[in-house]
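Notes follow once the structure below has been shown.
Treat the numbers as computed from the prediction; the structure is a model and nothing was measured.
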Amino acid sequence: MDEAPTTAGSSQIFADNLKGFILAVASSAFIGASFIIKKKGLKRAGASGSRAGGYGYLLEPLWWIGMVTMIVGEIANFIAYIFAPAVLVTPLGALSIIVSAVLAHFILKERLQRMGVLGCMLCIVGSTVIVLHAPQEKTPNSVEQIWDLATQPAFLLYTASAVAVSLVLILHCAPRFGQTNVMVYLGICSAIGSLTVMSIKAIGIAIKLTLDGINQAGYFQTWVFAMLAISCIVVQLNYLNKALDTFNTAVVSPVYYAMFTILTILASAIMFKDWSGQSASNIASEICGLVTVISGTTVLHSTRDPDPPSADLYTPLSPKIFWHVQGNGELGKLKNDDLLSGDFVAVVRQDYFI
């Protein structure tokens with residue numbers, strides 16, 4: 001008598017996981033393509049000259065198409081968390097890197113090296129392993145149930161630890177080591193980011209239940225999750241931008257992806273008990289798949305050519321340059337390849353004219 005409801009429940013969970021998987025893959029495709037479209041738009045804006053006070057790309061339709069594409073991808077990713085567990089959705093974000101690399105090879109003519117192809121293959125294999133062994137997560141029936149999951153001692157301990165580590169990194173480590181150690185800013189982003197995903201997942205489930213006719217807007221827990229999500233997103237984006245401004249993207253991307261993915265999966269496993277009832281072999285397979293995806297991401301980023309310096313930050317000097325140097329009361333001039341005498345040492349003022 002009990003087998004029929006159990007089978008129906010398993011079928012529903014499988015269907016939800018499938019929806020989450022499709023949405024996560026679509027999200028990665030849109031986000032990966034958006035990087036290429038926006039970069040193409042930036043190149044077109046640069047080729048047509050600097051306009052609108054250095055913001056000429058805002059007048060480029062292709063850049064706006066890329067921005068809309070990214071928003072669509074983020075919305076799809078948000079909905080994916082409603083249906084599927086974070087251990088399934090989060091690692092699939094690596095597919096956006098593959099899409100970006102492949103499109104850059106064909107559209108932007110950025111050569112994808114053999115090791116880059118290997119990195120793509122590792123990401124695909126690891127993602128496949130994770131999908132095949134993804135846990136079956138039961139969707140809560142109300143925001144109150146999500147609140148009970150969020151206030152259980154194990155997750156409260158994780159939340160307190162994540163906040164405490166973030167505060168130490170923000171108040172103590174960031175002023176001293178933030179400019180030299182990439183782990184400081186990315187540690188803040190990853191710890192807070194894992195809490196962001198949990199809050200967003202709670203909001204998404206509340207929205208889904210409301211659309212199904214079970215209004216969740218009247219519960220204060222819904223608004224608490226919304227405020228937490230907004231606060232975490234602000235902090236996360238702030239320090240992610242600092243990391244990108246300070247360090248090379250080829251370093252930031254794989255490190256951030258690895259830390260964020262691991263902490264998000266850990267937070268989801270604690271809060272939603274994703275691994276409850278799973279066999280040790282399935283859990284081990286998911287971990288191996290995650291390690292494979294992280295390895296592929298690292299290999300792919302390590303083989304990418306660095307972006308050329310921005311024209312706004314570096315502009316070569318004209319070869320026709322005249323130097324006028326004054327020091328120790330003496331006057332010296334330098335034109336093209338002429339050199340000053342060896343006994344001219346002190347320099348008090350230096351001007352150049354083109």
Side-chain angles (χ1 to χ4, degrees), residues 15-45 55-108 110 120 123-124 127 130-131 134 139 189 193-194 196-212 225-226 229-230 232-234 236-238 240-241 244 249 252-253 256-257 260-261 264 268 293 297 300-301:
D16 287 344
N17 278 0
L18 181 60
K19 292 177 183 177
F21 167 74
I22 294 174
L23 286 167
V25 172
S27 170
S28 297
F30 277 109
I31 293 175
S34 71
F35 292 142
I36 306 305
I37 297 173
K38 287 197 295 182
K39 191 166 184 177
K40 191 77 172 178
L42 289 172
K43 286 188 173 183
R44 283 190 180 180
Y55 297 94
Y57 61 88
L58 294 177
L59 302 177
E60 175 57 51
L62 199 60
W63 185 87
W64 283 105
I65 293 175
M67 181 59 68
V68 172
T69 304
M70 175 172 283
I71 293 174
V72 172
E74 294 293 349
I75 293 174
N77 192 56
F78 170 75
I79 300 174
Y81 278 113
I82 299 176
F83 293 101
V87 69
L88 172 61
V89 176
T90 305
L92 292 176
L95 298 180
S96 64
I97 302 173
I98 298 177
V99 173
S100 178
V102 173
L103 291 180
H105 177 78
F106 290 103
I107 297 177
L108 300 179
E110 296 179 0
C120 292
C123 289
I124 294 174
S127 299
I130 292 173
V131 169
T139 303
C189 295
S194 65
T196 302
V197 172
M198 298 302 101
S199 301
I200 287 178
K201 187 174 178 67
I203 297 170
I205 294 174
I207 293 175
K208 179 176 180 292
L209 291 172
T210 301
L211 294 177
D212 290 340
F225 283 127
I230 294 172
C232 291
I233 288 173
V234 170
Q236 183 182 359
L237 291 180
N238 178 41
L240 180 58
N241 287 332
L244 291 172
T249 305
V252 172
S253 296
Y256 175 58
Y257 174 80
F260 171 73
T261 302
T264 299
S268 181
V293 171
T297 305
L300 182 57
H301 272 284

Just how far is it from atom [atom1] of [X] to atom [atom2] of [Y], taken to the nearest 0.5 Å?
X      : Y     : atom1 : atom2 : answer
Ile37  : Phe30 : CD1   : CZ    : 9.5 Å
Lys208 : Asp16 : NZ    : CG    : 6.0 Å
Phe83  : Ile22 : CZ    : CD1   : 10.5 Å
Glu60  : Lys40 : CD    : NZ    : 10.5 Å
Ile124 : Ile98 : CD1   : CD1   : 4.5 Å

With heavy-atom distances below 4.5 Å as the criterion, would you say the side chains of [X] and [Y] are in contact?
X      : Y      : value
Ser199 : Thr196 : no
Cys123 : Ile97  : no
Thr90  : Phe260 : yes
Tyr256 : Leu240 : yes
Ser268 : Val87  : no
Phe78  : Ile207 : yes
Phe35  : Met70  : yes

Quick one: does [X]'s side chain have a donor or acceptor within less than 3.5 Å of a partner on [Y]'s backbone?
X      : Y      : value
Ser28  : Leu92  : yes
Asn238 : Val234 : no
Tyr257 : Pro91  : yes
Lys201 : Tyr81  : yes

Check [X] against [Y] and note the closest heavy-atom contact, atom names and distance.
X      : Y      : result
Ala86  : Met198 : CB-CE, 4.3 Å
Ile200 : Ala229 : CG1-CB, 4.3 Å
Gln236 : Cys189 : O-SG, 3.5 Å
Thr297 : Ala94  : OG1-CB, 3.9 Å
Gly20  : Ala84  : CA-CB, 3.8 Å
Ile82  : Ile205 : CG1-N, 4.1 Å

Q: Please indicate whether Lys38 has more than 12 foreign heavy atoms, meaning atoms of other residues, nucleotides or ligands, lying under 6.0 Å from its NZ.
A: yes
Q: Check the pair Leu23 / Ser27 against side chain to side chain contact (heavy atoms under 4.5 Å, CB included), numbers first and verdict last.
A: CA-CA 6 Å; Leu23 286 167; Ser27 170; over 6 Å; no
Q: Show your reasoning for whether side chain to side chain contact (heavy atoms under 4.5 Å, CB included) applies to Thr69 and Val72.
A: CA-CA 5 Å; Thr69 304; Val72 172; 5.8 Å; no
Q. Where do Ser127 and Leu95 land on the side chain to side chain contact (heavy atoms under 4.5 Å, CB included) test, with the steps shown first?
A. CA-CA 8 Å; Ser127 299; Leu95 298 180; 4.0 Å; yes
